[in-house]
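Heavy-atom basis, side chains included; hydrogens, waters and symmetry copies ignored.
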Amino acid sequence: MMKLSVLDQSLARTAEQAAQALRETIEMARYCESLGYERFWVSEHHAFPSVAGSAPEVLLAALGAATSRIRLGSGGIMLPHYSAYKVAEVFSLLANLYPERIDLGVGRAPGADMSTAVALANGRRPNFERFPTQVAELSDYLWNPDAKPLVSPRPPAGMPLWMLGSSPDSAMLAAQRGLPYNLGIFINPQARPELVKLYKSRFQPSALQPEPYAIITTSVFCAEDEERAKALQLTYDLNLFRFVTGQSENRSLTPQAALQYPLGPQERSFIASRNVSRAVGTPAQVKAQLELLAEQFAADEVMVVSNMYYFEDRQRSFKLLKEVFSA
(Lines give C-alpha, C1' and ligand atoms only; values in the text may rest on other atoms or scores of the structure.)
Protein backbone atom coordinates (compact mmCIF):
# COMPACT_ATOMS: atom_id res chain seq x y z
CA MET A 1 0.00 0.00 0.00
CA MET A 2 1.26 3.45 -0.89
CA LYS A 3 2.74 5.40 2.01
CA LEU A 4 0.83 8.67 2.51
CA SER A 5 1.92 11.72 4.47
CA VAL A 6 0.68 15.29 5.00
CA LEU A 7 2.16 18.77 4.65
CA ASP A 8 0.28 21.50 6.54
CA GLN A 9 0.91 25.20 5.84
CA SER A 10 -1.22 26.74 8.62
CA LEU A 11 -3.21 28.88 6.20
CA ALA A 12 -5.24 31.68 7.77
CA ARG A 13 -8.39 32.89 6.02
CA THR A 14 -7.56 36.44 7.13
CA ALA A 15 -4.47 37.95 8.77
CA GLU A 16 -6.43 38.19 12.02
CA GLN A 17 -7.08 34.43 12.15
CA ALA A 18 -3.50 33.23 12.66
CA ALA A 19 -4.26 31.79 16.10
CA GLN A 20 -7.16 29.79 14.69
CA ALA A 21 -4.98 28.54 11.82
CA LEU A 22 -2.39 27.26 14.29
CA ARG A 23 -5.05 25.55 16.40
CA GLU A 24 -6.32 23.88 13.22
CA THR A 25 -2.81 22.64 12.41
CA ILE A 26 -2.51 21.02 15.84
CA GLU A 27 -5.96 19.46 15.53
CA MET A 28 -5.14 18.24 12.02
CA ALA A 29 -1.98 16.54 13.25
CA ARG A 30 -4.03 14.63 15.82
CA TYR A 31 -6.60 13.75 13.16
CA CYS A 32 -4.03 12.55 10.62
CA GLU A 33 -2.38 10.45 13.31
CA SER A 34 -5.73 8.79 14.04
CA LEU A 35 -6.17 8.05 10.32
CA GLY A 36 -2.77 6.38 10.10
CA TYR A 37 -0.76 8.82 7.99
CA GLU A 38 3.00 8.27 7.93
CA ARG A 39 4.24 11.83 8.60
CA PHE A 40 2.92 15.30 9.33
CA TRP A 41 5.24 18.11 8.22
CA VAL A 42 4.88 21.88 8.53
CA SER A 43 6.33 24.59 6.29
CA GLU A 44 8.32 27.80 6.79
CA HIS A 45 7.11 31.07 5.26
CA HIS A 46 7.79 34.66 6.30
CA ALA A 47 5.91 37.94 5.85
CA PHE A 48 2.85 36.14 4.43
CA PRO A 49 -0.17 37.41 6.41
CA SER A 50 -2.23 34.38 5.36
CA VAL A 51 0.42 31.85 6.46
CA ALA A 52 0.81 31.49 10.23
CA GLY A 53 3.61 28.91 10.18
CA SER A 54 6.72 31.12 10.21
CA ALA A 55 8.67 29.04 12.77
CA PRO A 56 8.27 25.29 12.17
CA GLU A 57 10.59 24.42 15.04
CA VAL A 58 8.19 26.09 17.49
CA LEU A 59 5.14 24.52 15.91
CA LEU A 60 6.76 21.07 15.94
CA ALA A 61 7.21 21.30 19.70
CA ALA A 62 3.46 21.91 20.09
CA LEU A 63 2.62 19.11 17.63
CA GLY A 64 4.82 16.66 19.48
CA ALA A 65 3.02 17.38 22.73
CA ALA A 66 -0.37 16.95 21.02
CA THR A 67 0.39 13.59 19.32
CA SER A 68 2.02 10.32 20.28
CA ARG A 69 3.04 8.27 17.21
CA ILE A 70 3.05 10.11 13.88
CA ARG A 71 6.40 11.35 12.56
CA LEU A 72 6.70 15.14 12.60
CA GLY A 73 8.95 17.24 10.41
CA SER A 74 9.92 20.51 8.81
CA GLY A 75 8.99 20.96 5.22
CA GLY A 76 11.29 22.68 5.57
CA ILE A 77 13.82 24.79 7.43
CA MET A 78 15.20 27.39 4.99
CA LEU A 79 18.83 26.83 5.94
CA PRO A 80 20.48 29.93 4.35
CA HIS A 81 18.70 32.12 6.92
CA TYR A 82 20.38 30.40 9.88
CA SER A 83 23.55 28.87 11.25
CA ALA A 84 23.86 25.12 10.72
CA TYR A 85 24.89 24.78 14.36
CA LYS A 86 21.73 26.45 15.66
CA VAL A 87 19.51 24.27 13.44
CA ALA A 88 21.31 21.14 14.67
CA GLU A 89 20.82 22.25 18.27
CA VAL A 90 17.10 23.00 17.86
CA PHE A 91 16.30 19.74 16.11
CA SER A 92 18.44 17.71 18.45
CA LEU A 93 16.35 19.12 21.29
CA LEU A 94 13.13 18.23 19.45
CA ALA A 95 14.40 14.72 18.71
CA ASN A 96 15.25 14.22 22.37
CA LEU A 97 11.79 15.44 23.38
CA TYR A 98 10.07 13.15 20.85
CA PRO A 99 12.41 10.19 20.17
CA GLU A 100 12.29 8.57 16.71
CA ARG A 101 9.54 10.96 15.57
CA ILE A 102 11.35 14.04 14.20
CA ASP A 103 12.32 14.61 10.54
CA LEU A 104 14.58 17.56 9.72
CA GLY A 105 13.87 18.74 6.19
CA VAL A 106 15.98 21.61 4.83
CA GLY A 107 15.74 23.73 1.71
CA ARG A 108 17.55 26.56 -0.05
CA ALA A 109 14.60 28.77 -1.03
CA PRO A 110 14.10 32.01 0.94
CA GLY A 111 10.43 31.35 1.76
CA ALA A 112 10.00 35.12 1.63
CA ASP A 113 10.83 38.21 -0.41
CA MET A 114 14.43 39.40 -0.37
CA SER A 115 13.91 42.26 2.10
CA THR A 116 12.50 39.76 4.60
CA ALA A 117 15.35 37.36 3.88
CA VAL A 118 17.82 40.16 4.68
CA ALA A 119 15.99 40.86 7.96
CA LEU A 120 16.22 37.17 8.87
CA ALA A 121 19.96 37.24 8.15
CA ASN A 122 20.51 40.15 10.58
CA GLY A 123 20.76 42.76 7.86
CA ARG A 124 22.92 40.79 5.44
CA ARG A 125 21.99 39.15 2.16
CA PRO A 126 21.71 35.38 2.77
CA ASN A 127 24.47 33.46 1.03
CA PHE A 128 22.34 30.99 -0.91
CA GLU A 129 25.44 29.80 -2.80
CA ARG A 130 26.82 28.45 0.48
CA PHE A 131 23.88 26.07 0.95
CA PRO A 132 25.79 22.85 0.03
CA THR A 133 28.47 23.76 2.59
CA GLN A 134 25.80 24.41 5.22
CA VAL A 135 24.25 21.00 4.53
CA ALA A 136 27.67 19.39 5.03
CA GLU A 137 28.15 21.31 8.29
CA LEU A 138 24.68 20.35 9.51
CA SER A 139 25.31 16.68 8.69
CA ASP A 140 28.55 16.80 10.65
CA TYR A 141 26.91 18.37 13.71
CA LEU A 142 24.15 15.75 13.65
CA TRP A 143 26.15 12.61 12.98
CA ASN A 144 29.82 13.15 13.91
CA PRO A 145 30.34 12.60 17.67
CA ASP A 146 33.63 14.52 17.43
CA ALA A 147 32.16 17.60 15.71
CA LYS A 148 33.09 20.90 17.33
CA PRO A 149 31.47 22.76 18.91
CA LEU A 150 29.51 20.03 20.65
CA VAL A 151 25.75 19.99 19.97
CA SER A 152 23.83 19.87 23.22
CA PRO A 153 21.72 17.91 23.84
CA ARG A 154 23.44 15.27 21.74
CA PRO A 155 21.46 14.32 18.62
CA PRO A 156 19.97 10.82 18.84
CA ALA A 157 21.68 8.23 16.68
CA GLY A 158 20.20 8.14 13.20
CA MET A 159 18.66 11.63 13.31
CA PRO A 160 17.20 11.91 9.77
CA LEU A 161 18.09 14.81 7.47
CA TRP A 162 15.95 15.34 4.36
CA MET A 163 16.74 17.41 1.29
CA LEU A 164 13.79 19.42 -0.03
CA GLY A 165 13.61 21.06 -3.41
CA SER A 166 12.03 21.42 -6.82
CA SER A 167 15.07 21.73 -9.10
CA PRO A 168 17.99 19.64 -10.43
CA ASP A 169 20.37 21.29 -7.93
CA SER A 170 18.50 19.90 -4.93
CA ALA A 171 18.18 16.46 -6.53
CA MET A 172 21.91 16.31 -7.21
CA LEU A 173 22.85 17.55 -3.74
CA ALA A 174 20.59 14.95 -2.09
CA ALA A 175 22.19 12.25 -4.24
CA GLN A 176 25.74 13.39 -3.50
CA ARG A 177 25.12 13.59 0.26
CA GLY A 178 23.22 10.28 0.42
CA LEU A 179 20.06 11.91 1.79
CA PRO A 180 16.37 11.12 1.32
CA TYR A 181 14.73 13.59 -1.07
CA ASN A 182 11.38 15.39 -1.10
CA LEU A 183 10.40 16.92 -4.44
CA GLY A 184 7.80 19.69 -4.10
CA ILE A 185 5.76 19.46 -7.27
CA PHE A 186 3.05 21.52 -5.57
CA ILE A 187 5.59 24.40 -5.57
CA ASN A 188 6.86 23.77 -9.07
CA PRO A 189 4.08 22.05 -11.05
CA GLN A 190 6.37 21.98 -14.08
CA ALA A 191 8.96 19.81 -12.31
CA ARG A 192 9.64 16.74 -14.40
CA PRO A 193 9.90 13.08 -13.32
CA GLU A 194 13.50 13.15 -14.53
CA LEU A 195 14.44 14.95 -11.29
CA VAL A 196 13.73 11.87 -9.17
CA LYS A 197 15.38 9.65 -11.78
CA LEU A 198 18.45 11.93 -11.65
CA TYR A 199 18.49 11.67 -7.86
CA LYS A 200 18.19 7.89 -7.85
CA SER A 201 20.71 7.31 -10.64
CA ARG A 202 23.36 9.53 -9.00
CA PHE A 203 22.67 8.43 -5.42
CA GLN A 204 25.77 7.76 -3.29
CA PRO A 205 24.94 5.54 -0.29
CA SER A 206 25.54 6.97 3.16
CA ALA A 207 25.73 5.35 6.57
CA LEU A 208 22.15 6.32 7.40
CA GLN A 209 20.69 5.98 3.89
CA PRO A 210 22.04 2.98 1.98
CA GLU A 211 19.32 3.28 -0.68
CA PRO A 212 17.69 6.33 -2.32
CA TYR A 213 14.26 7.32 -1.02
CA ALA A 214 12.05 9.90 -2.69
CA ILE A 215 8.81 11.59 -1.66
CA ILE A 216 6.77 13.77 -3.99
CA THR A 217 4.62 16.45 -2.37
CA THR A 218 1.55 17.39 -4.37
CA SER A 219 -1.75 19.20 -3.94
CA VAL A 220 -4.88 17.12 -3.39
CA PHE A 221 -8.51 18.26 -3.43
CA CYS A 222 -10.70 15.27 -2.65
CA ALA A 223 -14.47 15.29 -2.05
CA GLU A 224 -17.44 12.95 -2.43
CA ASP A 225 -18.29 14.44 -5.82
CA GLU A 226 -16.10 15.89 -8.54
CA GLU A 227 -17.93 19.22 -8.71
CA ARG A 228 -17.27 19.93 -5.03
CA ALA A 229 -13.59 18.96 -5.34
CA LYS A 230 -13.14 21.29 -8.32
CA ALA A 231 -14.82 24.14 -6.42
CA LEU A 232 -12.38 23.66 -3.53
CA GLN A 233 -9.46 23.63 -5.96
CA LEU A 234 -10.71 26.76 -7.75
CA THR A 235 -10.99 28.61 -4.44
CA TYR A 236 -7.37 27.89 -3.57
CA ASP A 237 -6.11 28.74 -7.05
CA LEU A 238 -7.90 32.08 -7.10
CA ASN A 239 -6.71 33.00 -3.63
CA LEU A 240 -3.13 32.14 -4.57
CA PHE A 241 -3.41 34.10 -7.83
CA ARG A 242 -4.82 37.13 -6.04
CA PHE A 243 -2.05 36.96 -3.46
CA VAL A 244 0.85 36.75 -5.92
CA THR A 245 -0.64 39.56 -8.03
CA GLY A 246 -1.23 41.82 -5.02
CA GLN A 247 -5.03 41.77 -5.20
CA SER A 248 -5.91 39.82 -2.07
CA GLU A 249 -5.75 42.60 0.56
CA ASN A 250 -4.83 39.78 2.98
CA ARG A 251 -8.28 38.21 2.77
CA SER A 252 -9.29 34.94 1.12
CA LEU A 253 -12.26 34.35 -1.12
CA THR A 254 -14.77 31.84 0.21
CA PRO A 255 -15.72 28.89 -2.02
CA GLN A 256 -19.06 30.61 -2.60
CA ALA A 257 -17.36 33.82 -3.74
CA ALA A 258 -14.85 31.92 -5.88
CA LEU A 259 -17.64 30.31 -7.91
CA GLN A 260 -18.93 33.79 -8.76
CA TYR A 261 -15.48 35.18 -9.62
CA PRO A 262 -15.12 36.35 -13.26
CA LEU A 263 -12.24 34.34 -14.67
CA GLY A 264 -10.07 36.22 -17.17
CA PRO A 265 -7.26 34.95 -19.41
CA GLN A 266 -4.62 35.44 -16.70
CA GLU A 267 -6.55 33.47 -14.11
CA ARG A 268 -7.31 30.66 -16.55
CA SER A 269 -3.68 30.41 -17.62
CA PHE A 270 -2.50 30.37 -13.99
CA ILE A 271 -4.92 27.61 -13.05
CA ALA A 272 -4.07 25.53 -16.12
CA SER A 273 -0.35 25.72 -15.30
CA ARG A 274 -1.00 24.08 -11.91
CA ASN A 275 -3.23 21.25 -13.17
CA VAL A 276 -0.47 19.01 -14.49
CA SER A 277 0.87 17.75 -11.16
CA ARG A 278 -1.98 17.45 -8.69
CA ALA A 279 -5.00 15.29 -7.91
CA VAL A 280 -8.57 16.62 -7.91
CA GLY A 281 -11.88 14.80 -7.78
CA THR A 282 -13.64 11.91 -6.09
CA PRO A 283 -11.67 9.42 -3.97
CA ALA A 284 -11.42 6.99 -6.88
CA GLN A 285 -10.27 9.74 -9.26
CA VAL A 286 -7.71 11.07 -6.80
CA LYS A 287 -6.36 7.58 -6.10
CA ALA A 288 -5.84 6.95 -9.80
CA GLN A 289 -4.17 10.34 -10.30
CA LEU A 290 -1.83 9.88 -7.32
CA GLU A 291 -0.89 6.37 -8.40
CA LEU A 292 -0.05 7.70 -11.85
CA LEU A 293 2.07 10.53 -10.41
CA ALA A 294 3.87 8.12 -8.06
CA GLU A 295 4.63 5.84 -10.98
CA GLN A 296 5.76 8.67 -13.27
CA PHE A 297 8.07 10.11 -10.62
CA ALA A 298 9.22 6.74 -9.23
CA ALA A 299 8.17 7.99 -5.78
CA ASP A 300 8.53 5.83 -2.70
CA GLU A 301 5.98 7.90 -0.78
CA VAL A 302 3.42 10.62 -1.52
CA MET A 303 2.95 13.67 0.69
CA VAL A 304 -0.21 15.67 0.14
CA VAL A 305 -1.11 19.27 0.88
CA SER A 306 -4.81 20.13 0.86
CA ASN A 307 -5.15 23.89 1.16
CA MET A 308 -8.91 24.19 1.38
CA TYR A 309 -10.78 27.18 2.80
CA TYR A 310 -12.74 25.29 5.43
CA PHE A 311 -11.03 23.10 8.03
CA GLU A 312 -13.82 20.50 7.77
CA ASP A 313 -13.21 20.14 4.03
CA ARG A 314 -9.51 19.49 4.66
CA GLN A 315 -10.36 16.86 7.26
CA ARG A 316 -12.83 15.21 4.92
CA SER A 317 -10.30 15.19 2.07
CA PHE A 318 -7.67 13.44 4.22
CA LYS A 319 -10.23 10.93 5.49
CA LEU A 320 -11.52 10.04 2.03
CA LEU A 321 -7.98 9.75 0.70
CA LYS A 322 -6.84 7.38 3.44
CA GLU A 323 -9.98 5.28 3.13
CA VAL A 324 -9.70 4.80 -0.63
CA PHE A 325 -6.05 3.71 -0.32
CA SER A 326 -6.90 1.36 2.55
CA ALA A 327 -9.81 -0.30 0.78
Side-chain angles (χ1 to χ4, degrees), residues 1-14 16-45 50-77 90-91 93-105 156 159-160 162 164 182 184 186 215 217-224 229 232 236 252 279 283 286-287 290 301-327:
M1 186 171 64
M2 182 187 295
K3 287 186 177 181
L4 292 172
S5 295
V6 170
L7 173 67
D8 189 288
Q9 295 189 296
S10 301
L11 291 191
R13 287 172 280 278
T14 69
E16 296 76 29
Q17 292 184 326
Q20 180 178 346
L22 294 171
R23 287 194 298 270
E24 289 178 356
T25 292
I26 293 171
E27 178 58 31
M28 190 63 80
R30 291 194 192 102
Y31 188 67
C32 289
E33 179 176 71
S34 73
L35 292 174
Y37 278 89
E38 190 82 8
R39 311 170 203 275
F40 190 92
W41 285 11
V42 291
S43 63
E44 176 182 343
H45 292 280
S50 62
V51 179
S54 58
E57 64 275 25
V58 176
L59 190 50
L60 287 172
L63 294 175
T67 57
S68 60
R69 299 182 308 279
I70 194 168
R71 291 199 68 89
L72 304 168
S74 57
I77 293 292
V90 167
F91 274 80
L93 179 57
L94 285 167
N96 276 278
L97 280 170
Y98 308 113
E100 300 183 7
R101 295 182 59 208
I102 299 297
D103 295 328
L104 169 52
M159 171 80 192
W162 288 77
L164 278 61
N182 189 316
F186 78 104
I215 294 177
T217 302
T218 186
S219 292
V220 166
F221 299 88
C222 186
E224 284 89 347
L232 296 169
Y236 173 71
S252 298
V286 166
K287 182 175 187 285
L290 287 182
E301 186 175 327
V302 174
M303 182 171 281
V304 300
V305 53
S306 292
N307 286 329
M308 300 177 180
Y309 186 88
Y310 293 116
F311 178 67
E312 294 76 14
D313 285 327
R314 297 198 299 274
Q315 282 189 313
R316 187 66 178 154
S317 181
F318 289 134
K319 184 174 188 292
L320 292 172
L321 181 63
K322 200 68 174 70
E323 285 177 346
V324 74
F325 272 97
S326 301

When rounded to the nearest 0.5 angstrom, what is the spacing between [atom1] in [X] and [atom2] in [Y]?
X	Y	atom1	atom2	result
L35	F325	CG	CZ	14.0 Å
M2	K287	CE	NZ	7.5 Å
K3	R39	NZ	CZ	6.5 Å
S34	R69	OG	CZ	8.0 Å
Y37	M303	OH	CE	11.5 Å

Give a yes or no on whether the backbone of [Y] and the side-chain of [X] come within a donor-acceptor separation of less than 3.5 Å.
X	Y	result
S306	V220	yes
S326	K322	yes
T217	G184	no
Y98	L72	no
Q315	M28	no

Short N-O contact, [X] and [Y], less than 4.0 angstrom:
X	Y	value
R30	E33	no
E100	R71	no
E323	K319	yes

Hey, are the side chains of [X] and [Y] touching, using non-hydrogen atoms and a 4.5 Å cut-off?
X	Y	value
L290	L321	yes
E38	I70	no
F91	L60	yes

Going through the distances and angles, do V304 and F318 end up as a side-chain contact (heavy atoms from CB on, under 4.5 Å)? CA-CA 9 Å; V304 300; F318 289 134; 3.6 Å; yes
What verdict does the side-chain contact (heavy atoms from CB on, under 4.5 Å) test give for F186 and N307, after you've listed the backbone C-alpha separation in whole Å, the side-chain angles of each residue and the deciding distance to 0.1 Å? CA-CA 11 Å; F186 78 104; N307 286 329; 5.7 Å; no
Donor + acceptor pair across side chains of [X], [Y] (<3.5 Å):
X	Y	result
S74	E57	no
R101	S68	no
D103	W41	yes

